[in-house]
Amino acid sequence: MANPEDLFKQIIAHAKEYGYVFPSSEIYDGLSAVYDYAQYGVELKNNIKQYWWKAMVQMHDHIVGIDSAIFMHPTVWKASGHVDAFNDPMIDNKDSKKRYRADILIEEYIAKLEDRINKEVTKAKKRFDPFDEKMFRETNPNVLRNQQKIDEVTTRLAELMNSSDMVGLKQLIEELEIVCPVSGSRNWTDVRQFNLMFATQMGSVSEGADTVYLRPETAQGIFVNFLNVYKTGRMKVPFGIAQIGKAFRNEIVARQFIFRMREFEQMEMQFFVRPGEELTWFEYWKNERMKWHQDLGIPAEKFRFHDHDKLAHYANAATDIEFEFPFGFKELEGIHSRTDFDLAQHEKFSGKKLRYFDPETNESYVPYVVETSIGLDRMFLAVLSYAYQEETLPDGSQRVVLSLPPILAPIKVAILPLVKKDGLPEKAREIQDLLKPYMMCQYDEKDAIGRRYRRQDAIGTPYCITVDNQTLEDQTVTIRERDSMEQIRVPIDRLLQTIKF
RNA sequence: GCGAAAGUAGCUCAGUCGGUAGAGCAUUAGCUUCCCAAGCUAAGGGUCGCGGGUUCGAGUCCCGUUUUUCGCUCCA
């Protein structure tokens, strides 16, 4: 078997060759880390969405869906913390090629000065007895000098960060003669700000036009609609709001095919619960979501939980469902207990009460939120890379087969006349017309039957219906199953009951 | 963003010393074929990633650039 790196390349090549994923704007040399879903890719993607939507919305009485706009009021992103959190000033050392956050380099410098003071104090402790530490700190010239420096640098850093003064940060780093911890050199690039949100202008006149952002996550569209959905949907806590939609992040490095793209699609559900019950629901959704993945028939050992040790400022529990991609276990879905952070922030910034009146407890409160958030493109890649198989058959011949879960397969059934004569094509077309309203069908009469089977294997079609001479006599056809390559003969009028996906 | 490698037909690749591009598969049309690709015939498809330079002449040498993969970095 090929090594993982080659396997991944083959999957990417297969995705392009068989019409699943194309590089964007390919005739213009492509656009970095942007991809288009092709004729089969879009079917697979839509099927994943449907499978998710059905599991989350249709199968849960207390979950409803929405589809909020990509553009949102700019204040949404101040409330959510994205405007601040996505504005890290970065600086590169030209010798070591290492990248650092400029503010952290300066903070580390401050920490060194503090170390120096502490050493001074420790030394003095040994020398004097009795030792008045407060007095020592207030009078020792070395300590005073360092403390003064700390205060000065801290103040300047705060000012520079507040005014987003990138030139000033660079100056400060040069002034303090901060060296790269790796190369030891002071050969720095300019400080640059990487805003992970894409910005654009709204309004026809640029004068006074507001900057709007392409949303970096879909969740906020749910939070700002919390009140509307709760009121108009007559929802009772606990309840959830689900959404599928595009999000955009201007990643510094976007790579690994469709795993990390600047434009991507999320399937999210925010579940609103009574405060204090969030961790119970967190466990519930962990299990539900893992079950959803495994219900597709993908083996359990391809998945694992990865609990976060370091929690984001808004979360009190968080875990990832990781999938074993060809390049290793990576995050596929996140389940976060987000507390009341988001709704509380939106209360603060909007001035509107985002509260739920609980008739059982006679209380009004800001609900806590448990989020499940899965990357649609990652799910696509997970399914595709799991399904891709190179097989050597008993007769020694090779085939490439996409063992997609039938429910997700782009084409459910191919209808093939065994030969292109004797009225078989006409009969096959009849069958196609019969099945077309119920599933994606494909008709193929070109080349030998074996080759047509292989073609369908390569795009992952689970069933091939073959029309032969016997069909004309007794109205039966054969159904050939993709993975086992086994055939059964069934009457045409029982096809719809027999083909299950 | 830095470093490394690569980019020739839809795919996999060849292309000698610098002399105006080739194979197999795939595609399309036809023939043959009653069940697991690679029988027959024919056709279509390439400004050799893009731009510049050297040269009488560049797929080939030089410079820049772009895309992809890998490593570093980043990932609320």
Side-chain angles (χ1 to χ4, degrees), chain A residues 4-6 8-10 12-14 16-19 22-35 38 77 80-88 90-101 182 189-190 192 194-197 216-217 219 249-257 259-260 262 308 310-315 318 326-327 330-331 334 336 338 341 391 393-395 397-401 416-422 424 445-458 464-472 477-482 484-487 489:
Chain A
E5 195 178 301
D6 286 344
F8 187 42
K9 279 184 184 164
Q10 273 154 19
I12 295 169
H14 191 85
K16 190 199 164 189
E17 190 171 353
Y18 287 92
F22 299 145
S24 159
S25 320
E26 202 184 5
I27 60 168
Y28 290 104
D29 240 356
L31 184 62
S32 182
V34 185
Y35 293 90
W77 307 112
S80 69
H82 286 84
V83 171
D84 297 329
F86 272 145
N87 271 308
D88 296 335
M90 307 299 291
I91 189 165
D92 292 5
N93 183 272
K94 289 179 189 165
D95 297 316
S96 66
K97 313 290 183 204
K98 296 285 174 191
R99 167 168 298 166
Y100 304 93
R101 271 177 58 180
V182 175
T189 63
D190 288 339
R192 283 162 300 177
F194 292 95
N195 190 337
L196 269 78
M197 286 195 291
E217 63 173 28
R249 290 179 203 180
N250 197 5
E251 303 275 1
I252 302 163
V253 175
R255 256 192 287 185
Q256 282 172 312
F257 194 42
F259 183 80
R260 178 168 293 127
R262 297 198 171 92
H308 292 205
K310 248 186 359 186
L311 292 171
H313 56 284
Y314 54 72
F327 41 86
K330 297 276 179 189
E331 179 186 353
H336 298 162
R338 294 179 74 124
F341 175 82
E391 281 183 3
L393 300 176
D395 67 357
S397 66
Q398 299 257 326
R399 72 165 182 165
V400 172
V401 54
L416 316 170
L418 194 56
V419 292
K420 201 174 12 174
K421 60 179 186 189
D422 302 337
L424 297 187
E445 60 176 29
K446 175 76 183 163
D447 296 317
I449 188 68
R451 186 184 297 191
R452 281 179 275 163
Y453 287 147
R454 298 298 169 84
R455 268 207 288 267
Q456 295 301 328
D457 291 342
C464 290
I465 293 175
T466 307
V467 175
D468 54 20
N469 277 332
Q470 194 183 332
T471 308
L472 301 179
V477 291
T478 61
I479 301 178
R480 177 251 194 199
E481 198 274 328
R482 176 194 61 202
S484 64
M485 301 181 16
E486 277 166 11
Q487 287 179 288
R489 185 167 279 276

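A, B, ... follow the sequence lines: proteins, then strands. Residue 1 opens every chain. Only a predicted model underlies this, so the values are computations on that prediction, with no experimental measurement involved.
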- request: With a 3.5 angstrom cut-off on both distances, give the Watson-Crick or G-U wobble partner of B/A38, or none if there isn't one.
  value: none

query: Once you round it to whole Å, what is the distance between C1' of B/U27 and NZ of A/Lys446?
result: 9 Å

- request: Select base, sugar-phosphate, or nothing to describe what A/Gln470 touches, counting heavy atoms under 4.0 Å on all strands.
  value: nothing

message: Taking pairing as Watson-Crick or G-U wobble with both contacts under 3.5 Å, can you name the mate of B/U73, or confirm there isn't one?
response: none

message: Between A/Arg338 and A/Thr478, which residue's closest nucleotide on RNA chain B lies nearer the 5′ terminus?
response: A/Thr478

- request: With P as the reference atom in both, quote the distance from B/U54 to B/U66 in angstrom, rounded to an integer.
  value: 23 Å

- prompt: C1' atom, B/C74 versus B/A14: distance in rounded Å?
  reply: 41 Å

Polar side-chain contact A/Arg454-B/A37 base: donor and acceptor under 3.5 Å: yes

- request: Using atom types as modelled and distance alone, determine if a side-chain donor or acceptor of A/Arg249 lies under 3.5 Å from a backbone N or O of A/Arg260.
  value: no

task: Could you check A/Val34 against A/Ala13 and say which one's nearest nucleotide on RNA chain B is further toward the 5' end?
output: A/Ala13

- prompt: Between A/Arg452 (side chain) and A/Asp447 (backbone), is there a donor-acceptor pair under 3.5 Å?
  reply: yes

statement: B/U54 -> Watson-Crick or G-U wobble partner, both distances under 3.5 Å, gives none

task: Write down the distance separating the C1' atoms in B/G10 and B/C61, rounded off to the nearest Å.
output: 31 Å

message: Strictly below 4.0 Å: does A/Arg455 bring a side-chain N or O up to OP1 or OP2 of B/U27?
response: yes

message: Please report the distance, rounded to the nearest Å, between NE2 in A/His14 and C1' in B/C25.
response: 15 Å

task: State the pairing partner of B/G59; accept Watson-Crick or G-U wobble contacts with both distances under 3.5 Å, and report none otherwise.
output: none

message: Just the rounded figure in Å: distance from C1' of B/A76 to CD of A/Glu331.
response: 12 Å

message: Applying the Watson-Crick and G-U wobble criteria at under 3.5 Å, what pairs with B/U20? Answer none if nothing qualifies.
response: none

message: Does A/Lys420 reach a base, just sugar-phosphate, or nothing at all? Heavy atoms under 4.0 Å.
response: base

field: Exam field: side chain A/Arg454 to backbone A/Gln398, donor-acceptor pair closer than 3.5 Å
entry: yes

Any-strand Watson-Crick or G-U partner of B/A6, both distances under 3.5 Å: B/U67

task: Please round to the nearest 0.5 Å and tell me the distance separating atom CD of A/Glu217 and atom NE2 of A/His82.
output: 3.5 Å

- request: Round to the nearest Å and state the distance from A/Asp447 atom CG to B/U33 atom P.
  value: 15 Å

Integer angstrom distance from the P of B/G49 to that of B/U12: 14 Å

field: Nearest-angstrom distance, C1' atom, B/U20 to B/A37
entry: 38 Å

query: Is there a Watson-Crick or G-U wobble partner for B/A43 with both distances under 3.5 Å, and if so, which one is it?
result: B/U27

message: Does B/U33 have its OP1 or OP2 closer than 4.0 Å to a side-chain nitrogen or oxygen of A/Arg451?
response: no

task: Looking at every strand, decide which applies to A/Leu418 at a 4.0 Å heavy-atom threshold: base, sugar-phosphate, or nothing.
output: base

task: Please measure how far the P atom in B/G24 lies from the corresponding atom in B/C62, and state the result in whole Å.
output: 32 Å

- request: Sticking with atom C1', work out how far B/G19 lies from B/C48, rounded to a whole angstrom.
  value: 16 Å

task: Give A/Tyr18 one of three labels, base, sugar-phosphate or nothing, depending on what nucleic acid heavy atoms sit under 4.0 Å from its own.
output: nothing

query: Is the shortest heavy-atom distance from the side chain of A/Arg262 to the side chain of A/Ser32 under 4.5 Å?
result: yes

- request: Decide yes or no, distance alone: a donor-acceptor N/O pair under 3.5 angstrom between the base of B/C36 and the side-chain of A/Arg399.
  value: no

message: Any heavy-atom pair between the side chains of A/Met485 and A/Leu393 that's under 4.5 Å?
response: yes

- request: Report yes or no: is there a donor-acceptor pair, N or O only, under 3.5 Å between the side chain of A/Asp457 and the base of B/C36?
  value: no

query: Looking only at atom C1', what distance separates B/C70 and B/C31, rounded to whole Å?
result: 49 Å

- prompt: Using a cut-off of 4.0 Å on non-hydrogen atoms, how would the nucleic acid contact of A/Ser32 be classed: base, sugar-phosphate, or nothing?
  reply: sugar-phosphate

- request: Quick one: label A/Lys421 by what it contacts on the DNA or RNA (base, sugar-phosphate, nothing), any heavy atom closer than 4.0 Å.
  value: sugar-phosphate

message: Measure CZ/A/Arg480 against C1'/B/C36 and give the value in whole Å, please.
response: 6 Å

- prompt: Could you give the distance from OG (A/Ser80) to CE (A/Met197), rounded to the nearest 0.5 Å?
  reply: 6.5 Å

- request: Take the protein atom CZ of A/Phe327 and the nucleotide atom C1' of B/C75, then report the distance between them rounded to whole Å.
  value: 14 Å

- prompt: Do A/Arg452 and B/C36 share a donor-acceptor pair, side chain to base, under 3.5 Å?
  reply: no

- request: For A/Asp468 and A/Gln470, indicate whether the former's side chain and the latter's backbone hold a donor-acceptor pair under 3.5 Å.
  value: yes

task: Let me know the distance between CG of A/Asp468 and C1' of B/U33, rounded to the nearest Å.
output: 14 Å

query: To the side chain of A/Gln398, which of B/U69, B/C74, B/A37 is closest?
result: B/A37

Donor-acceptor pair under 3.5 Å, A/Glu17 side chain vs B/C11 base: no

Residue A/Thr466, side-chain atoms from C-beta onward, closest of B/C70, B/A76, B/C35: B/C35

statement: Against the side chain of A/Arg489, the closest entry in B/U69, B/C35, B/A76 is B/C35

- request: Answer with base, sugar-phosphate or nothing: what part of the nucleic acid does A/Ala33 contact at a heavy-atom distance below 4.0 Å?
  value: sugar-phosphate

- prompt: Within this structure, what is the NZ-to-P distance between A/Lys16 and B/U69, rounded to whole angstrom?
  reply: 13 Å

query: Does some side-chain heavy atom of A/Thr471 sit less than 4.5 Å from a side-chain heavy atom of A/Thr466?
result: no

task: Name the nucleic acid region contacted by A/Gln487, choosing base, sugar-phosphate or nothing; use a 4.0 angstrom heavy-atom cut-off, strictly under.
output: base

